[in-house]
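As structure tokens, the structure follows; a few thoughts come after it.
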Amino acid sequence: MSMKLYTILQFTEILGVYMIMTVLLPAFVLHNRIRERRLVQKFFICMLSGNFYIMNLVFLLQLLHISNRFTLITGTFLPALILWQRLNQIRLIPFFLSIWHNLHRISEGKLGGKTVVFRTLDHLRQGMAALGRGLLYSLKKRWLEWILVAAVLVLLAAFYGVQLLREYGYTASDTPVHLYWINGMSRNNIFIDGVYPFGYHCVIYYLHAVFGIDSYVLMRLFSFVQTLMLHMVLLGFIRLCCRSRYIGYGIMGIYAIGNFLQPSTYLRFFSVLPQEYGMIFILPAIYFVFYFFQERRQEVKKWLLPKESRLALVFFAMSFSMTLAVHFYDTMIAGLFCVGVAAGYLFWFLRKQYFWSVLLTGFLSVMIAILPMAAAYAMGTPLQGSLGWGMSVINGSGNKQDSAEEEIGATVIYYDERGNQVAEPDVLESEEGENGSEPAEGLRQKLARVWDKLCSAINGAVLNEPLSWYYIVILAAMELLFLLGVLFLVFRRPCYGAMLLSTGVFMVLMLILQTAKELGLPELMDGSRCRIYFGYMLPVVFAFAADGVIRLLLWKKNWHRGRNFCSLVCVAASVCLLWNGDYRKEPVENTTLVTNEAITCLTNIIQEEKDFTWTICSANDETQMGLDHGYHYELINFLKDMELKNMESGAEPLIRIPTDSVYVFIEKVPIDYTEHYSESGQTVSRQGAEHDLPSVGGIDMYKGKNRWILMSRIYYWAQAFKQLYPHEVRTYCETDQFVCYKIKQNPYYLFNFAIDYGYNSRKIEE
């Protein structure tokens, strides 16, 4: 089987089990309670319930140190069965008595096995038929929407999914760190490197532990799963909030493949990273806040009990807590949007019928998220270093290069208002000159300079083109939200108007956050991260603005067909826009940190060899990949043990690897690991092997020229070892870029891998 086909099958399995556990299982349990709701609202409720339960189940079992496949399955399906029984009012005792009675009749020969099988299959047939009728009804009723949803999925697959078939390796240098943390959970050692938001790691670990999917495979392929979910949540949010049925599909098509944003606003979507997974829960939290104010207003007017509004707050609490459980940057964005909501719904928010409910829910959602981390910290687990880094960035004293997650993306290019390329905008100067002799600027001049800074920062950090009208369109759409919001408040559509105002206030806050450095304000979030959120929220801005204009022009409620037609025209306009190749994204070529050949070899080794009978000697990224199947000897440790160990005592070095097979991964053309150098792309050579071993620490030894030196040394070591043992060393895989050698040894008479290969450090010194 080819690696591409195998990758497709692996991805299909991952997507299937994730959707079953986070959407379909909650839908089955909650079916009777949510059957009358809108389909997108059902999706939000089930998705939040599934993710929330999985995260907190794993947290609980990990802190109790009893997490394994049995406890996870029991903790998932037993409560689900009990809840399903209660919600559907099924009496379990008669149900089990009926099963026992039938088994007794079978044992006495009064009931045949064929009859039991037939009845069981008939029940399944009836259930499948009912499900099929429901799906068929939905397809008939909303056939155009389903076609548009499928079109959006195809666009996402064409842009993001194809990358999985081009490059099999990781694209983020911190992936081995996250994989190390997840593998620690497999040994009931959560927070192995210190207390950190582990919600994302809980989900990956759950899929690994319950379904037996290798964690390294999940870390390769789950990126497209979370990218699909991230875009579907955005589409669902627009669909729920807008009154024009089709407006979201045109906006989503432009966002998916339109070439209007900097590549750095979406390049991280190609990697399995916590921040992007946590983005899934931002917009559902905001939707349920909007829904709360809408329903609570009706309850207050009609003197009803706060039933539906409380339910909205429950799902808001779930969603908001998961942003903090996954990544605190996501919580910061969700919090800013909540500030915008408080401003937009100010006249309701300050009333006691709303205020205390929202305040208590926000407090509880934060407590739910930090409780597992607080419990681990109270038990003596220290904080992980990235938390300290995050706080230092918020305080304005952090070094952005110390982040556990390195920036992925292209270099940001800034443009001035005329479209000319300029250096990064400086922080606003003080009111006086350097020597204090120049007079202070007037208010008008200050505002003009601030405006220039805002425009240049958006044009340079977020947009992909130096054309001035791009950022003018964005700012005009933001201004339109305020205008429309006020108009709808005046025309007595308060909830809709407040929603538009809330989004407008939020985008102003996002604009300030994005340009904080240029404005001389404290930089609460690194601009390279902020622009990802800024770009993600732009479809909301344009969808709300377009929907507001359409609704304003077609005011009456019974004019919904006209509104839908106008939104369909917007979809057609977006198709025409994207038909021009100049406005479509170019295929992205990410720099992978593991070669395709290395992933292919690892996959074949796991399938062909018995567990824990093999060792791979390679660079750092494979360190945690095969942890459940075999062993790994890191390349730098291998060379140091051979060349530097026992140097002072004068003893001969000795390296024994106690496995039947040893595989050596060598990049004949070393990859550019997160950085280029002047001679990038050169092959291994004797010149490289003659250099001293790199003396730097961490992953710096695998970057740039250092990687070339290491690969050159191990390559010539392999050639020398092959000459010594020609029958035990064979080429397992070789291309122009990569070679893997397999060394077969007698476990009762192990080789000494420390040999004189001509470039040992001691020999070079002599």
Could you tell me the separation between the [atom1] atom of [X] and the [atom2] atom of [Y], rounded to the nearest 0.5 Å?
{"X": "S502", "Y": "L346", "atom1": "OG", "atom2": "CG", "answer": "10.0 Å"}
{"X": "T22", "Y": "L48", "atom1": "OG1", "atom2": "CG", "answer": "10.0 Å"}
{"X": "L156", "Y": "Y255", "atom1": "CG", "atom2": "OH", "answer": "10.0 Å"}
{"X": "T323", "Y": "D330", "atom1": "OG1", "atom2": "CG", "answer": "6.5 Å"}
{"X": "T503", "Y": "I286", "atom1": "OG1", "atom2": "CD1", "answer": "9.0 Å"}
{"X": "N51", "Y": "I280", "atom1": "CG", "atom2": "CD1", "answer": "7.0 Å"}

On the 0 to 90° scale, with breaks at 30° and 60°, tag the [X]-[Y] ring pair as parallel, tilted or perpendicular.
{"X": "F281", "Y": "Y277", "result": "perpendicular"}
{"X": "H178", "Y": "Y200", "result": "perpendicular"}
{"X": "F288", "Y": "F44", "result": "tilted"}
{"X": "F292", "Y": "Y354", "result": "perpendicular"}
{"X": "F222", "Y": "Y18", "result": "perpendicular"}

Note to self: Using a 6.0 Å cut-off, check whether atom CZ of R310 has over 12 heavy atoms from anything other than its own residue.
What the structure shows: no

Next item on the list: Inspect the surroundings of OH in Y377 and state if more than 12 heavy atoms from other residues, nucleotides or ligands are less than 6.0 Å away.
Entry: no

Hey, is the main chain of [Y] close enough, under 3.5 Å, to the side chain of [X] for a donor-acceptor pair?
{"X": "D547", "Y": "R243", "value": "yes"}
{"X": "S309", "Y": "E295", "value": "no"}
{"X": "T265", "Y": "L261", "value": "no"}
{"X": "R529", "Y": "M525", "value": "no"}

Margin query: I'd like to know whether the aromatic ring centres of Y160 and F270 sit less than 6.0 Å apart in this structure.
Written below: yes

To check you understand the geometry: which heavy-atom pair defines the closest contact between [X] and [Y], and what is its length?
{"X": "P372", "Y": "F191", "result": "O-CE1, 4.0 Å"}
{"X": "S173", "Y": "I699", "result": "CB-CD1, 4.2 Å"}
{"X": "A498", "Y": "L489", "result": "N-CD2, 4.1 Å"}
{"X": "F488", "Y": "L500", "result": "CD1-CD1, 3.9 Å"}
{"X": "F224", "Y": "A157", "result": "CZ-CA, 3.5 Å"}
{"X": "A545", "Y": "L484", "result": "O-CD1, 3.6 Å"}

May I ask you to test the [X]-[Y] pair for a side-chain heavy-atom distance under 4.5 Å?
{"X": "I474", "Y": "V541", "value": "no"}
{"X": "P284", "Y": "F315", "value": "no"}
{"X": "I238", "Y": "Y249", "value": "no"}
{"X": "M537", "Y": "L283", "value": "yes"}
{"X": "I532", "Y": "M279", "value": "yes"}
{"X": "R239", "Y": "V40", "value": "yes"}
{"X": "F349", "Y": "F293", "value": "yes"}
{"X": "F269", "Y": "H231", "value": "yes"}

Notebook entry, point to check: Can you name the residues that form a salt bridge (charged side-chain N to carboxylate O under 4.0 Å, His left out) with D700, not counting sequence neighbours?
Noted result: K703

Check: side-chain contact (heavy atoms from CB on, under 4.5 Å) between C570 and Y246: does it pass, once the steps are laid out?
Finding: CA-CA 8 Å; C570 294; Y246 306 111; over 6 Å; no

Next item on the list: With sequence neighbours excluded, tell me which residues meet ring-ring contact (aromatic ring centres under 6.0 Å, His included) with F316.
Entry: F320

Check: Taking only residues two or more places apart in sequence, or in another chain, which ones meet F363 in a ring-ring contact (aromatic ring centres under 6.0 Å, His included)?
Finding: none

Next item on the list: Dump the intermediate steps for side-chain contact (heavy atoms from CB on, under 4.5 Å) on L179 and Y170, then the final yes or no.
Entry: CA-CA 11 Å; L179 187 55; Y170 303 148; 3.6 Å; yes

If we count only N and O atoms by modelled type, under 3.5 Å, do the side chains of [X] and [Y] hold a donor and an acceptor together?
{"X": "S223", "Y": "S271", "result": "no"}
{"X": "Q262", "Y": "R531", "result": "no"}
{"X": "S321", "Y": "S365", "result": "no"}
{"X": "Y287", "Y": "Q41", "result": "yes"}

Item checked: Partners passing side chain to side chain contact (heavy atoms under 4.5 Å, CB included) against Q294 (at least two apart in sequence or in another chain) -> Y291, C495

Check: With Q163, which residues qualify under side chain to side chain donor-acceptor pair (under 3.5 Å), at least two apart?
Finding: R166

Checklist line | Verdict with supporting geometry, V272 and T175, side-chain contact (heavy atoms from CB on, under 4.5 Å) | finding: CA-CA 8 Å; V272 184; T175 302; 5.9 Å; no

Item checked: Worked check of ring-ring contact (aromatic ring centres under 6.0 Å, His included) between Y266 and F159 -> CA-CA 11 Å; Y266 55 82; F159 187 72; 5.7 Å; yes

Margin query: Walk me through whether V233 and M47 qualify under side-chain contact (heavy atoms from CB on, under 4.5 Å).
Written below: CA-CA 10 Å; V233 164; M47 183 270 295; 3.8 Å; yes

Next item on the list: Assess R551 against Y496: is NZ or CZ under 6.0 Å from the centre of the six-membered ring, and within 45 degrees of the ring's axis?
Entry: yes

Check: Between K585 and F260, is NZ or CZ placed under 6.0 angstrom from the six-membered ring centre and within 45° of the ring axis?
Finding: no

Next item on the list: Let me see the working for D526 and Y329 under side chain to side chain donor-acceptor pair (under 3.5 Å), right down to the final yes or no.
Entry: CA-CA 10 Å; D526 183 14; Y329 272 178; 5.9 Å; no

In a table with atom names and distances, give each donor-acceptor pair under 3.5 Å that connects a side chain of residues 335-344 to protein atoms at least two apart or in another chain.
none

